[in-house]
Undergrad: 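There's a structure below that I have some questions on.
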2 protein chains.
Amino acid sequence: MQPIQPAPAVSQPSVVIATSTPATMSAPVPVPITCADTPTVSQLVSKPQTGVVDEDGINLEEIREFAKNFKIRRLSLGLTQTQVGQALTATEGPAYSQSAICRFEKLDITPKSAQKLKPVLEKWLNEAELRNQEGQQNLMEFVGGEPSKKRKRRTSFTPQAIEALNAYFEKNALPTGQEITEIAKELNYDREVVRVWFCNRRQTLKNTSKLNVFQIP
Amino acid sequence: MQPIQPAPAVSQPSVVIATSTPATMSAPVPVPITCADTPTVSQLVSKPQTGVVDEDGINLEEIREFAKNFKIRRLSLGLTQTQVGQALTATEGPAYSQSAICRFEKLDITPKSAQKLKPVLEKWLNEAELRNQEGQQNLMEFVGGEPSKKRKRRTSFTPQAIEALNAYFEKNALPTGQEITEIAKELNYDREVVRVWFCNRRQTLKNTSKLNVFQIP
DNA sequence: CACATTTGAAAGGCAAATGGAG
DNA sequence: CTCCATTTGCCTTTCAAATGTG
């Protein structure tokens, strides 16, 4: 058994978000026939012409920052979007589905929606982290999740962890048992999880290059 | 308040599944470069050359029939795929996610997987229906779902209901209040749900034809 | 009622986990 | 442990049910 999941040093980002390729995107768009669709936060935030504050006085930059951190903190607690959505339903405030959580994290929603959702998520997450400090048993009780069964729950790595793993992989795709142990310790993930990650990574790479043999356009 | 959801006469299908367009499907497929991917049940069942029984002695026809009925019965109980998955996790047998339930219903799995899943779902569903007869309170307790809150739970119509609604719509896209009441009663859905369905249907139709004005290829 | 918008259930993509063979 | 095929779940996306406004 293992204490739910890691808590990979919630350090400062250090990973600039790379505001997607700016300009140069005026290619023959597939056909945006929609009338006047309200833009999403991620769309607005990626073209800083408007500054950080939306016309309705909403601080887009702040929301972007929070959304990013929310994801990291959620994953650090070892929770899925589904669990958050479900737990939210059980609390006093408004309820939201897994889809809603997903959209918020990806900022694939209107500023108005984001503004409404942010305090709800913020409050909930703080509460969840508090419970977690008092022991993971409290956390699981809070989110109402069963201890799971047979199959191991699929772990979701934080963006940082993925990046680190890829870096290691690039340097050495076939680490020894010793090295795996070290990496696992460094990233604060279960050793087995890291080992399997390398196996799967090699497998994917192999399959990918196999396809390239056919030279698909 | 309302008793969870309808139980639209779980009568005999009467709606032949129309085993997808047979033959004539040898169009220039996008590129199935996969090595030798095990075919899914739906793929196998749609080309009856092999008969109803798989090479491993699995009765595909039976599985198809069950999958279809499973969906109807699930919806009749007013349950979502997510709820089934979650409830399954809480029981003794193996646990499965919403994705797994989805794949089973669409038969988007290998015969082997389907064979494994079928008894699990069958047993669970029987139990669920039993609880439901003893009062919906029992059912909700069984699936462990909260009574929900603010926003009304999105209703999912059974395939039959959809078909019937479309038939009505084709005859008359703007039914009177009286007619709506009758349709709702006939299909055993909440009147309001039916009314909104017609509103949304008209809206969708309008938007769709608006697009056609541009004559998209 | 029409219409724009918000939001969730179902479905799809990718990859974490599993299991068999070496 | 490895490789490899396969199973299965988390996250994402689509489409439409629900909501809000005139």
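Small disclaimer: the values here were computed from a predicted structure and weren't measured.
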Undergrad: Below 4.0 angstrom, N of the basic side chain to O of the carboxylate: do R64(A) and E61(A) qualify?
TA: yes

Undergrad: From the list dT8(D), dT6(C), dC1(C), which nucleotide is the closest neighbour of the side chain of K116(B)?
TA: dT8(D)

Undergrad: Could you check whether the side chain of R103(B) and the base of dG12(C) have a donor-acceptor pair of N or O atoms closer than 3.5 Å, going by distance alone?
TA: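 Flag unset: no donor-acceptor pair detected.
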
Undergrad: Starting at CD1 of I109(B) and ending at P of dG9(D), how long is that distance when rounded to a whole Å?
TA: 12 Å

Undergrad: Under 4.0 Å between any heavy atoms, over every strand shown, what does T176(A) touch: base, sugar-phosphate, or nothing? Just pick one.
TA: nothing

Undergrad: Kindly give the heavy-atom pair with the smallest separation between P111(A) and P39(A), and that separation in Å.
TA: CD-O, 3.5 Å

Undergrad: Can you identify which nucleotide, out of dC1(C), dA10(C), dC11(D), has its nearest atom closest to the R74(A) side chain?
TA: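 Nearest listed nucleotide: dC11(D).
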
Undergrad: Extract from the structure each pairing of a protein N or O with an N or O of nucleotides 16-18 of chain C at less than 3.5 Å, listing the distance.
TA:
{"unit_1": "dA16(C)", "atom_1": "O4'", "unit_2": "R154(A)", "atom_2": "NE", "d": "3.3"}
{"unit_1": "dA16(C)", "atom_1": "O3'", "unit_2": "T155(A)", "atom_2": "N", "d": "3.4"}
{"unit_1": "dA16(C)", "atom_1": "O3'", "unit_2": "T155(A)", "atom_2": "OG1", "d": "3.4"}
{"unit_1": "dA17(C)", "atom_1": "OP1", "unit_2": "K152(A)", "atom_2": "NZ", "d": "3.1"}
{"unit_1": "dA17(C)", "atom_1": "OP1", "unit_2": "T155(A)", "atom_2": "N", "d": "3.4"}
{"unit_1": "dA17(C)", "atom_1": "OP1", "unit_2": "T155(A)", "atom_2": "OG1", "d": "3.2"}
{"unit_1": "dA17(C)", "atom_1": "N7", "unit_2": "N200(A)", "atom_2": "ND2", "d": "3.0"}
{"unit_1": "dA17(C)", "atom_1": "N6", "unit_2": "N200(A)", "atom_2": "OD1", "d": "3.1"}
{"unit_1": "dT18(C)", "atom_1": "OP1", "unit_2": "K152(A)", "atom_2": "N", "d": "3.1"}

Undergrad: Do any side-chain nitrogens or oxygens of S113(A) fall under 4.0 Å of OP1 or OP2 in dT5(C)?
TA: no

Undergrad: In Å, rounded to the nearest 0.5 Å, how long is the span from CZ of F66(A) to CD of E105(A)?
TA: 9.5 Å

Undergrad: Does any N or O in the side chain of R201(B) come within less than 3.5 Å of the main-chain N or O of A173(B), such that one atom is a donor and the other an acceptor?
TA: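 No, R201(B) side chain to A173(B) backbone: no donor-acceptor pair under 3.5 Å.
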
Undergrad: dT7(C) P sits how many Å from F104(A) CZ, rounded?
TA: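 Those two atoms, CZ and P, are 12 Å apart.
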
Undergrad: Is there a donor on the side chain of Q98(B) or the base of dA9(C) sitting less than 3.5 Å from an acceptor on the other?
TA: no

Undergrad: Is there side-chain contact between E127(A) and R131(A), with heavy atoms separated by less than 4.5 Å?
TA: yes

Undergrad: Between S97(B) and dT8(D), does any side-chain N or O lie under 4.0 Å from OP1 or OP2?
TA: no

Undergrad: Check whether any side-chain N or O of T80(B) sits under 4.0 Å from OP1 or OP2 of dG8(C), and answer yes or no.
TA: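 So the side chain of T80(B) is outside the cut-off, no N or O lying under 4.0 Å from OP1 or OP2 of dG8(C).
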
Undergrad: Taking OP1 and OP2 of dT13(D), is either one under 4.0 Å from a side-chain nitrogen or oxygen of K106(A)?
TA: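 The answer is yes; a side-chain N or O of K106(A) sits under 4.0 Å from OP1 or OP2.
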
Undergrad: Check whether any side-chain nitrogen or oxygen of Y96(B) sits under 4.0 Å from OP1 or OP2 of dG9(D), and answer yes or no.
TA: no

Undergrad: Expressed in angstrom and rounded to an integer, what is the separation of R202(A) atom CZ from dA15(C) atom P?
TA: 16 Å

Undergrad: Rounded to the nearest 0.5 Å, what separation is found between the CD1 atom of I180(B) and the CZ atom of R195(B)?
TA: 7.0 Å

Undergrad: Assuming nearest nucleotide by heavy-atom distance, tell me which of C199(B) and K112(A) is located more 5' along DNA chain C.
TA: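 Its nearest nucleotide lies further toward 5', so the answer is C199(B).
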
Undergrad: Verify whether one side chain among Q86(A) and Q86(B) offers a donor that lies under 3.5 Å from an acceptor in the other.
TA: yes

